[in-house]
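To keep things clear, I will list the structure first and then write my remarks on it.
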Amino acid sequence: MTIHNADVAEVFEEIGDLLSIQGENAFRVRAYRRAAQIVRSLPHELAEMGGPGEYAALPGIGKDLAAKITELVRTGRLGALERLRRRVPSGVRELLSLPGMGPVRVHALMTKLHVKSRDELRSALSAGRLERLRGFGPALQQRLRTALAAKAASDIAKRLPLSVAAQYAEPLSRYFASIPGVTRAEIAGSYRRGRDTVGDLDVLVCAPASVNVFSTLQGYPDLREMSASGTTKAAGVLRNGLQFDVRVVPKESFGAALQYFTGSKDHSIHLRRRAQERGLKLSEYGLYRGRRRLAGDTEEGVYQALGLSWIPPELREDRGEVEASAKRALPRLVERSDLKGDLHVHTDATDGHNSLEDMVAAARAQKLSYMAITDHTKYLGIVHGLDADRLARRCEAIDALNEKLRGFTVLKGAEVDILEDGRLALPDAVLAKLDVIVIAVHSHFELPEAKQTARVLRALERPHVSILAHPSGRLLGERAPLALDFDRLLEAVHDRGCFLEVNGQPLRLDLDDVHIKAARDRGVLLSLASDAHSIDQLAYLGGAVRQARRGWASEEDVLNARPLGEVRKLLQGAKR
DNA sequence: GCCGTTTTCGGCCCGACTGTTTTCAGTCG
């Protein structure tokens with residue numbers, strides 16, 4: 001059995017939970033949870049690294065955790081976890097996820113009432129057995145009843161794709177901004193960091209203490225319920241199930257609060273530790289030496305006072321950005337305005353909604369100077385896919401259009417399916433006539449890793465192939481990523497002189513941030529693509545840019561940030 | 001359990017809110 005990083009991370013999460021329930025030192029618990037985070041953001045499989053020495057070189061992994069990783073990778077099991085599981089029954093862990101339930105109360109339930117699962121908690125509640133338990137008052141009992149009922153109805157809050165969350169986030173932010181006395185309202189949190197999915201909304205409101213920001217919140221149309229409300233802090237749930245937290249801060253604290261509320265948690269902790277090392281204290285109210293405030297009205301000021309350059313929100317995951325910022329070694333992240341073209345676009349020749357001419361006009365309006373038309377080729381799944389003849393006629397049409405265009409060039413391309421065995425859906429002779437061959441998996445998503453990897457590697461071996469589109473094949477919330485050996489894939493793409501796509505479709509956002517960074521570190525250029533199927537969808541380039549920024553990509557890392565002449569040369573290099 | 005310009009022990013981010021308790025522990029972000 002191959003142990004993946006996600007498996008190791010899950011083991012560390014579980015150990016953290018079980019230790020906390022046993023009343024273990026909170027910092028030991030945090031070390032395990034932190035390790036889970038670290039392992040999850042590794043671009044390479046632990047199983048393929050050099051062993052304990054290399055593990056322990058990772059920041060946050062010491063001798064003990066390195067040994068545990070080694071045991072897991074070698075045997076697929078971990079003795080320490082099995083011993084813990086014997087002491088804490090399996091159902092107890094899920095009690096931790098109930099509201100108001102932390103390690104102390106879960107421990108009390110387990111030892112004093114022998115409650116070991118959600119079901120047993122439900123019975124204990126109705127039997128009134130919690131009445132005599134210290135720390136479980138009537139209000140908490142009611143919260144637990146509500147939560148247990150919701151869980152039963154499987155109404156569990158999930159992370160939403162960023163694009164879906166945006167539909168609720170933007171109106172909410174406008175609502176707060178419109179309140180008299182409020183000078184500014186921002187959605188912070190993972191939304192501001194541009195994560196591909198959002199678990200809740202963190203809203204930061206700037207207003208003087210005299211303004212009662214929450215007086216009309218009850219009447220907000222998207223509101224389902226309020227769960228907490230103080231003078232500076234409120235929380236609730238929107239109609240779509242999305243949780244939100246609001247904090248109100250005065251002007252002089254806005255920068256510090258924006259930093260704190262944007263997170264990530266690990267990034268903020270890193271900053272606060274850095275402050276502490278300098279004899280300072282950082283909180284959402286500002287950066288202080290004793291009682292004297294050194295910074296706080298702007299984020300820039302806070303970072304600067306800590307000896308750092310401002311760090312773009314997309315990088316704030318504690319993956320080395322603080323260290324890089326201290327050394328003034330952060331990349332200048334790619335921006336939408338750096339893009340000069342789009343190398344993955346569809347038209348109504350297949351499943352797109354607009355004509356070639358309309359797509360060109362829209363691309364020009366988006367300040368692009370070139371675009372590759374990459375309609376689908378014929379295969380089982382797409383009825384209207386192009387065969388060799390139709391593709392040839394399409395090329396003639398593009399040639400004719402290019403004759404007329406000034407200051408814009410259409411590249412001839414195709415999105416070619418990778419068949420189950422790794423062959424491509426069109427013969428090499430047909431592909432040879434095109435400028436851009438985008439290849440992609442659109443079927444047989446469930447192949448085991450060895451087969452899936454071999455399949456894609458075989459496709460990359462074909463001559464004329466340029467770009468691997470939406471490499472993981474994932475659809476947020478709908479389809480898991482393909483089982484692929486990404487290290488081998490990256491090696492092949494690099495050796496072959498090909499490129500990896502960052503697809504900006506809202507449910508794809510594929511590659512993900514971790515793999516973008518790995519590609520960048522390996523020197524593989526990225527194609528930031530809209531995969532537009534209509535003129536409106538050219539805006540998805542923005543999503544690709546945001547995703548690329550999360551992977552530390554700068555203009556130099558992006559194929560389509562280069563002028564057409566250079567792109568042509570690079571594409572030619574991928575042919576052979 | 002990790003870590004080191006306060007180094008091999010003794011720290012480990014910081015504050016708001018809730019509920020239960022009568023001054024604060026626990027949870028949460």
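Chain identifiers are assigned alphabetically (A, B, ...) following the order of the sequence lines, protein sequences preceding nucleic acid strands; residue numbering begins at 1 within each chain. Basis for what follows: all heavy atoms, side chains included, without hydrogens, waters or symmetry-related copies. Note that the coordinates shown come from a computational prediction; the quantities given were computed from them, not determined experimentally.
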Does [X] reach a base, just sugar-phosphate, or nothing at all? Heavy atoms under 4.0 Å.
{"X": "A:Y260", "value": "base"}
{"X": "A:R34", "value": "nothing"}
{"X": "A:T231", "value": "sugar-phosphate"}
{"X": "A:S268", "value": "nothing"}
{"X": "A:I61", "value": "sugar-phosphate"}
{"X": "A:D202", "value": "sugar-phosphate"}
{"X": "A:K281", "value": "sugar-phosphate"}

* Student check: side-chain heavy atoms of A:V249 and A:E284 closer than 4.5 Å -> no

* Would you indicate whether the side-chain heavy atoms of A:S554 and A:V334 approach each other to under 4.5 Å? => no

* Structure fact -> Which of A:L476, A:L475, A:T197 passes side chain to side chain contact (heavy atoms under 4.5 Å, CB included) with A:L509? It is A:L476

With respect to the phosphate group of [N], does any side-chain polar atom (N or O) of [X] fall under 4.0 Å of OP1 or OP2?
{"X": "A:Q276", "N": "B:dG11", "value": "no"}
{"X": "A:R28", "N": "B:dG1", "value": "yes"}
{"X": "A:R30", "N": "B:dC13", "value": "yes"}
{"X": "A:K233", "N": "B:dC28", "value": "no"}
{"X": "A:Y285", "N": "B:dC14", "value": "no"}

Distance between the [atom1] atoms of [N] and [M], in whole angstroms?
{"N": "B:dG1", "M": "B:dT5", "atom1": "C1'", "value": "23 Å"}
{"N": "B:dT23", "M": "B:dG29", "atom1": "P", "value": "29 Å"}
{"N": "B:dC2", "M": "B:dC13", "atom1": "C1'", "value": "16 Å"}
{"N": "B:dC9", "M": "B:dC14", "atom1": "C1'", "value": "24 Å"}
{"N": "B:dC12", "M": "B:dT6", "atom1": "C1'", "value": "14 Å"}
{"N": "B:dG26", "M": "B:dT22", "atom1": "P", "value": "13 Å"}

With the side chain of [X] defined as its heavy atoms from C-beta on, choose the nearest nucleotide among [options].
{"X": "A:N25", "options": "B:dT27, B:dG1, B:dC17", "value": "B:dG1"}
{"X": "A:R105", "options": "B:dG19, B:dG26, B:dA16", "value": "B:dG26"}
{"X": "A:S283", "options": "B:dC14, B:dG1, B:dA16", "value": "B:dC14"}
{"X": "A:R273", "options": "B:dG19, B:dC13, B:dG1", "value": "B:dC13"}
{"X": "A:A31", "options": "B:dG1, B:dC13, B:dG26", "value": "B:dG1"}

* Nearest-nucleotide wise, let me know which of A:D245 and A:P138 is further upstream toward the 5' end of DNA chain B. => A:P138

* Which residue lies toward the 5' end of DNA chain B, A:P59 or A:Q141, if each is placed at its nearest nucleotide? -> A:P59

Rounded to whole Å, please give me the gap between [atom1] in [X] and [atom2] in [N].
{"X": "A:E284", "N": "B:dC13", "atom1": "CD", "atom2": "P", "value": "15 Å"}
{"X": "A:R134", "N": "B:dT22", "atom1": "CZ", "atom2": "C1'", "value": "11 Å"}
{"X": "A:H270", "N": "B:dC13", "atom1": "NE2", "atom2": "P", "value": "11 Å"}
{"X": "A:F261", "N": "B:dC28", "atom1": "CZ", "atom2": "C1'", "value": "11 Å"}
{"X": "A:L98", "N": "B:dG26", "atom1": "CG", "atom2": "C1'", "value": "15 Å"}
{"X": "A:R278", "N": "B:dT6", "atom1": "CZ", "atom2": "C1'", "value": "13 Å"}

* Asked: For residues A:T216 and A:Y175, is any side-chain donor paired with an opposing acceptor at under 3.5 Å?
  -> yes

Over 12 non-hydrogen atoms of neighbours within 6.0 angstrom of [atom1] in [X]:
{"X": "A:R134", "atom1": "CZ", "result": "no"}
{"X": "A:Q22", "atom1": "CD", "result": "yes"}
{"X": "A:R132", "atom1": "CZ", "result": "no"}

